[in-house]
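First up is the structure itself, then whatever we jot down about it.
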Amino acid sequence: MTVPESWGRYPRSLDAHVAILPSGAAQRRDRLDAYDTPVLAFGRGRSYGDVCLNDGGWLLDTRRLDNFIAWNEDEGLLTVEAGVTLAAILDVVATRGWFLPVVPGTEQVTVGGAIANDVHGKNHHRDGSFGAHVVSLDLARSDRDVTACGPDHEPELFRATIGGLGLTGLILAATIRLRRIPSAWIDVETIPFATLDECCALSAASERDWQYTVAWADWRAKPDARGRGLFLRGNHAPAPPKGHQSRTGNSSFPSRRRPITIPSGMPGFLLNDVSLRLFNSWHFHSTAGRTSRTCQPYRDFFFPLDVVGQWNRLYGSRGFLQYQCVLPMDDGIETARAIFQSVIESETGSYLTVIKTFGTMAPAGVLSFPRPGLTIALDFPNTGDGVFRMCERLDALVRSVGGAVYPAKDARMSAESFTAFYPQAASFAPWRDPAFSSSFWRRVTTRRVTAPQGPAPQGNATRGTADCS
Amino acid sequence: MKNGLLIIGATSAIATAVARMAAGDGIPQILAGRDERKLAILRDDLIARGAPRVETLTFDAHAHERGAHERGAVIDAAFALMPHLDTVLIAHGVLVGQAEAEADPDLALESIDVNFSSVVALLTPIAQRFDAAGNGTIAVISSTSGDRGRRKNYVYGAAKGGLSIFMQGLRHRLDARGVRVLTFKPGFVDTPMTAAMPKNALFAKADDVASGIYHALRKPGGEYYLPRFWRPIMSLIQHIPERIFLKLNI
C-alpha cells in the first residue's frame, strides 16, 4: 500500500506506517500487541480529512478482515468482520430482499468505518444513523481482552465506540440488523426548486411519505438563480420495473458498472469555475423544469458518484475540503442563508451543495454528528488561505447557533470549535484506548488557537508497510 | 457447476474470490486446503453469502514422502462427500524466489513439486472420473510465466509451463468425451503470493482475475489469459528469436 490518503487528499500524511492486519485477526480474543507509537484502524479511507490518518504512528489496515461470519435470516441479523464493505453486503443481500437500514453517499466504506463515523444517509429523518442499527460489536483494545459490547452489554463502551472515530479500539466484527425490502429498485421523484425556502418546504412535505430525501443546490449560479436546485425523494419500489422482472430476481438486476478510475496524478484543472457552472446548469435543467419520476437500481440512487472511481482526484493534488455542518432547526434556514452568503462573498466557490433535514431521534453515540436540524455539505477545492479563513468564519456562524461540524469530513476545525460542537467530548475521553490516537484527535484536543493553514506541503513521505501475515 | 464445485487451495486470494461468487449463485462447494482454521472461516463466510452447503477437506500439496495415490486421496474424499460434483478448480501454488531456487536445489524441486507434480497427482484421478462420467469441468490456474522461460522466473515458470502442456494434452484427450478442460494464465496479480514484489500498472486485482475465472467456467475448454491483454503480449514474447531474447533483461 502506498502512502495512505483520506478522500479529500488533505492533509497529507507525511510519516505513516501501515500494518496490514492478517486474515484471522478478527478471531483473536487477547488484547492488542503494543506498538511503539499510537495506532488507528484504517478501512477504505473514504473520510475526507484526517479522522482516518495517524501521522507519525501506525495505521492498522483492515482490508483482510473481509469475511462474513453469519447470517440469521429469521431475525435479519448479519454478522461480518469490520473490513467488509457496505458494497460487499449489498451485493449479497439487495437482490434477495434485504437492505442496510442506513447507507451513506458511497458504498465503498467498511463496516468499521461506518460505525466509527456513525454515518448517516438520505433516510436519517426516519431511521437515524448507522450506529442505531448495530446490535453488537467486538472491540480489541490494548488494555483488556477483546470485548463484545452492545446496547445491553457494556453499553457505555458501545456508545463511545459508535461515532468514536476509531479511538476506543479496533473494531473486529459487528452484527447489524438489516431490513426487508420489496425489491432492489427505488421509485424516485426529482423536483426542481428555485429557493432555499422552497427546498425546506418540499422537505417538510415529503418526510411523511418518503423514506429517502435529499436536495442538491446550486449556489454558484447567477444572483437571480442562486439557491435553485433539485429535490430528490425515493422509496423502495414494490417490484422491479417491466423488463427487469424474473422469477429468480438475480440475473435481471444490472451488475455494477466498472468504474472509470481517475488516474493518480490527475491535474485539477477539469473542475474549474467554468466547467462547474456548466455542470450545475446542465444538472439543474436535466428535468426540464418539471418533476420527473423514474425507477432506478439502488446503486444509481444511493451511490451515483461511485461510478467514477477515485473521483476525488479530479480536484488535483492539492485536494479539497468538505464542510458539513448541522444547524438546529429554529435558526436553521436563516443560518444556512448566512453561510451561503459568506461562501459567495469569499469567492472560494463551493461546487456541490447538499442539503438535508435530520430526524429528531437521540444520537446513537457519544460523539455522533447527526442531531435535529438542517445539514449542509459544501465542497471547496483547496486553493489556499482564503478557504481556511472562510471555514473559520463558517465555524463561528455554526457555533453561534449551537450547531456542529462533521468530523468525518473535517480537516481543519480548531480545538475551541470542537469543544463547542461536542461538549460531550469530556465524557468520551476516558473511553479512548490509550494506545489509539489520530491526527484529527491530536489536532482538536490541543489547547491553542489553530492558525489558518496553507495548501498541503509537497513533502517526501516516509513510509513503511509491514505485512503481518 | 450447480452439482458441486471442488476448489483445491481454496484459501488463496483468487480462489476465495471465486468461491464467494459461487456462493452468491448458490453453488454447493468443497474447499480443500492446508489451514483448517482458515478453511472454517471461509466456510462460514460462504454460507453467510448464500452457499447451500460447504464442506472442508485438508490438503497439503507438499509430498511429505507420500506416494501419488496418497497425495491424490483428497479427490476420493471429495467425491464421497458430493458424488455428483461436476467442476474442479485447482488453485494452489507456491512462489519460491528465483534467486533462492538457484542457490538451493531443494527449493527448486519444491517449486516443481508443489506447482506441477502435486497437480498431476490430482488431475490423474479427476480425469479418470470425469472421463468415465462423460461430463465435468477441470480448471487449473497456471501462469503466463509458463509460456517462455526467462531469467527472472524460470523455476516457477518451468513448473507452470509443464503444467500448461499437461493440460493441453488432457484437453486433447477429454474434449471428445464432453469434459471441458480450462487453463487459466494470469499475469501479475496483487495477492499475498506476490507481497514481496513491488507493484506496478501490470498487476491485476485478485477480484478481477477471479471474476474472469468464474465466468469462464461456463465457457468451452481452452487457455484463458487474464486479463486478456496478456494473450498478445505472450504471443509476441513466445515468437522472439532466441538469439534476440537472450539479450533482453526480462
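Since the model is a prediction, treat every value here as computed from it, not as a measurement. The chains referred to below are lettered A, B, ... by the order of the sequence lines, with proteins before strands, and numbering in each begins at 1.
Residue B/Arg34 qualifies as open at atom CZ: its count of foreign heavy atoms under 6.0 Å is 12 or below. Within a 6.0 Å sphere centred on CZ of A/Arg44, other residues, nucleotides and ligands contribute 12 heavy atoms or fewer. Few gaps surround NE2 on B/His62; more than 12 heavy atoms of other groups in view lie less than 6.0 Å from it. Within 6.0 Å of atom CD in B/Glu102, more than 12 heavy atoms from other residues, nucleotides or ligands are found, so the atom counts as buried in its surroundings.
Within the 4.5 angstrom heavy-atom criterion, no atom of A/Asn72 approaches chain B. For A/Glu81, the part lying under 4.5 angstrom from a heavy atom of chain B is the side chain only.
Counting only heavy atoms from C-beta outward, the side chains of B/Arg20 and A/Asp91 never approach each other to under 4.5 Å.
Across every non-hydrogen atom of A/Ser23 and B/Lys38, the tightest pair is OG-CE, 4.1 Å.
With chain B as the partner, the residue from A/Leu78, A/Asp66, A/Val92, A/Ile69 showing the most heavy-atom pairs under 4.5 Å is A/Asp66.
Proximity to chain A at a heavy-atom threshold of 4.5 Å picks out B/Asp44, B/Asp45, B/Ala48, B/Arg49, B/Gly50 from residues 42-57 of chain B, in numerical order. Contacts from residues 198-230 of chain B to chain A, taken as heavy-atom pairs separated by less than 4.5 Å, involve B/Asp208 in sequence order.
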